[in-house]
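What follows is a set of notes on a single structure, which appears directly below.
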2 protein chains.
Amino acid sequence: MNIGEVAQQSGLPAKTIRYYEDIGLISPQRSENGYRAFRERDLHKLAFIGRARALGFTIEDCRTLLALYQNDHRESGQVKALAEQHLVAIDDKIAQLRSMRATLSHLVHCCAGDHRPDCPILDDLAGSDLHRGDA
Amino acid sequence: MNIGEVAQQSGLPAKTIRYYEDIGLISPQRSENGYRAFRERDLHKLAFIGRARALGFTIEDCRTLLALYQNDHRESGQVKALAEQHLVAIDDKIAQLRSMRATLSHLVHCCAGDHRPDCPILDDLAGSDLHRGDA
DNA sequence: ATGGAGGTTCCAGTAACGGGAAGGTCAAGG
DNA sequence: CCTTGACCTTCCCGTTACTGGAACCTCCAT
């Protein structure tokens, strides 16, 4: 298989596949013409990576997960630990975004959004304490 | 004020403040010795940027917001539009993270996490369809 | 005079690719 | 046989918002 077909089947852009080879995630063979010659195993690996990436794992996590996957003597505890760690990181991000969202949403609702220049959003960013001290 | 004091008062690292000058967000004067000489206005601007960044606005958004803030003829609708757009982006990110979280959390709960190699997480990443087809 | 805490510039690296140039290869068509 | 177009190759730069570090300068206190 050439890279184009692998790209289609894995859903990953050809550029990304080449990048994954660059950083040593995959090592496809080469044809005599210099083209990458992918086998089923490579495709399978790429699909694996694609799914891990879709779950938000970093490339380094993917490297680790691939190694565990290919290691018959792995312990599922290692995988679970990695996944739980990632879960915590996701929760942290969600919490941070929700905090931002709450503040921003409040400000948006306070802003008339008309043709006048008065704007509680800018007031808040400027630290004017006008609405924060309105109690 | 030298950069150290401004860093403390604004809560931004000195490196970041220099970077903000590099990209033209601020333009502090210079003392004869070559040191940056910050005035109150600069500090105020930096605090403004810091707060906008804390709400997740990009640097380019900050540039726009600063310009609006300094423009007496702005219309609050412009600010509100920018904020609402950002709010949508935040919501998108939260939705994506929650989707990841749901899948990952399910997989983690399915995994024994012991010393055996069998691992539903890896099975899922490998696309084995074992648990997805268990209905 | 000297030591240390500040300041300065510039360069490189981060994560994970994407865009685009310059050029080789292959299959089909005239 | 030649060309055209699709596909492949490598290589280098750009992205976001900084961070770390080197090499060097300046100020203040002892």
Side-chain angles (χ1 to χ4, degrees), chain A residues 1-39 42-43 45-46 48-66 86 89-90 92-93 96-97 100, chain B residues 1-39 42-43 45-46 48-66 86 89-90 92-93 96-97 100:
Chain A
M1 277 187 292
N2 283 346
I3 200 168
E5 194 183 339
V6 176
Q8 273 212 322
Q9 295 207 24
S10 68
L12 298 171
K15 274 276 189 185
T16 297
I17 297 174
R18 292 196 192 97
Y19 172 67
Y20 287 168
E21 183 185 5
D22 273 355
I23 62 173
L25 276 186
I26 54 169
S27 302
Q29 293 183 323
R30 294 289 178 139
S31 306
E32 288 195 357
N33 58 15
Y35 287 16
R36 288 170 183 80
F38 295 86
R39 289 162 299 175
D42 300 312
L43 183 52
K45 258 191 180 182
L46 286 169
F48 183 102
I49 297 168
R51 274 185 286 263
R53 294 285 298 129
L55 287 181
F57 285 104
T58 66
I59 291 286
E60 284 317 302
D61 284 344
C62 290
R63 201 188 295 278
T64 304
L65 288 169
L66 263 182
H86 182 43
I90 289 177
D92 287 354
K93 275 188 198 169
Q96 197 185 354
L97 285 171
M100 285 180 186
Chain B
M1 278 187 291
N2 283 346
I3 201 169
E5 194 183 339
V6 176
Q8 274 212 321
Q9 295 208 23
S10 68
L12 297 171
K15 274 275 190 186
T16 297
I17 296 173
R18 292 197 192 96
Y19 172 67
Y20 288 167
E21 183 185 4
D22 273 355
I23 62 173
L25 276 186
I26 53 169
S27 303
Q29 294 183 323
R30 295 289 178 139
S31 307
E32 288 195 357
N33 59 14
Y35 287 17
R36 288 170 183 80
F38 297 86
R39 287 161 299 173
D42 301 311
L43 182 53
K45 259 189 178 182
L46 286 169
F48 182 102
I49 297 168
R51 274 185 286 263
R53 294 285 301 129
L55 287 180
F57 285 104
T58 66
I59 291 286
E60 285 317 302
D61 283 344
C62 290
R63 201 189 295 279
T64 304
L65 287 169
L66 263 182
H86 182 43
I90 289 177
D92 287 353
K93 274 188 199 167
Q96 197 185 354
L97 285 171
M100 285 180 186

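Within every chain, numbering begins at 1; the chains are lettered A, B, ... in the order of the sequence lines, protein sequences first and strands thereafter.
Regarding I23(A), its CD1 atom lies at a distance of 8 Å from the P atom of dC17(C), rounded to whole Å. With rounding to whole Å, I49(B) atom CD1 is found 12 Å from dA17(D) atom P. Between E32(A) atom CD and dC8(D) atom P there is a gap of 18 Å when expressed in whole angstrom units. Taking atom CZ of residue R30(B) and atom P of nucleotide dC25(D), one finds them 16 Å apart after rounding to whole Å. Nucleotide dA17(D) holds its P atom 10 Å from the CG atom of L25(B), rounded to whole Å. Per the geometry, OH belonging to Y35(A) stands 7 Å off C1' belonging to dG24(C), to the nearest Å. Atoms CD (Q8(A)) and P (dA6(D)) sit 15 Å apart, rounded to a whole Å.
The 5' end of DNA chain C is approached more closely, in terms of each residue's nearest nucleotide, by N33(B) than by the other of N33(B) and E60(A).
Taking only side-chain atoms of R36(A), from C-beta outward, the nucleotide of dT10(D), dA17(D), dG7(C) with the closest atom is dT10(D). Closest to the side chain of R53(B), out of dA17(D), dA16(C), dT26(D), is dA17(D). Comparing dC17(C), dT9(D), dG7(C) against the side chain of I59(A) picks out dC17(C) as the nearest.
Residues from residues 13-21 of chain B with heavy atoms under 4.0 angstrom of DNA chain C, sorted by number: K15(B), R18(B).
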May I have the step-by-step check of salt bridge (charged side-chain N to carboxylate O under 4.0 Å, His left out) for K45(A) and E21(A), ending in yes or no?
CA-CA 12 Å; K45(A) 258 191 180 182; E21(A) 183 185 5; over 6 Å; no
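Contacts of I3(A) with the nucleic acid, taken as non-hydrogen atoms under 4.0 Å apart, involve only primed sugar atoms and P, OP1 or OP2.
Of the residues listed (L43(A), I26(A), N2(A)), the one engaging F38(A) in a side chain to side chain contact (heavy atoms under 4.5 Å, CB included) is I26(A), and it is the only one.
Within a 6.0 Å sphere centred on CD of Q9(B), other residues, nucleotides and ligands contribute more than 12 heavy atoms.
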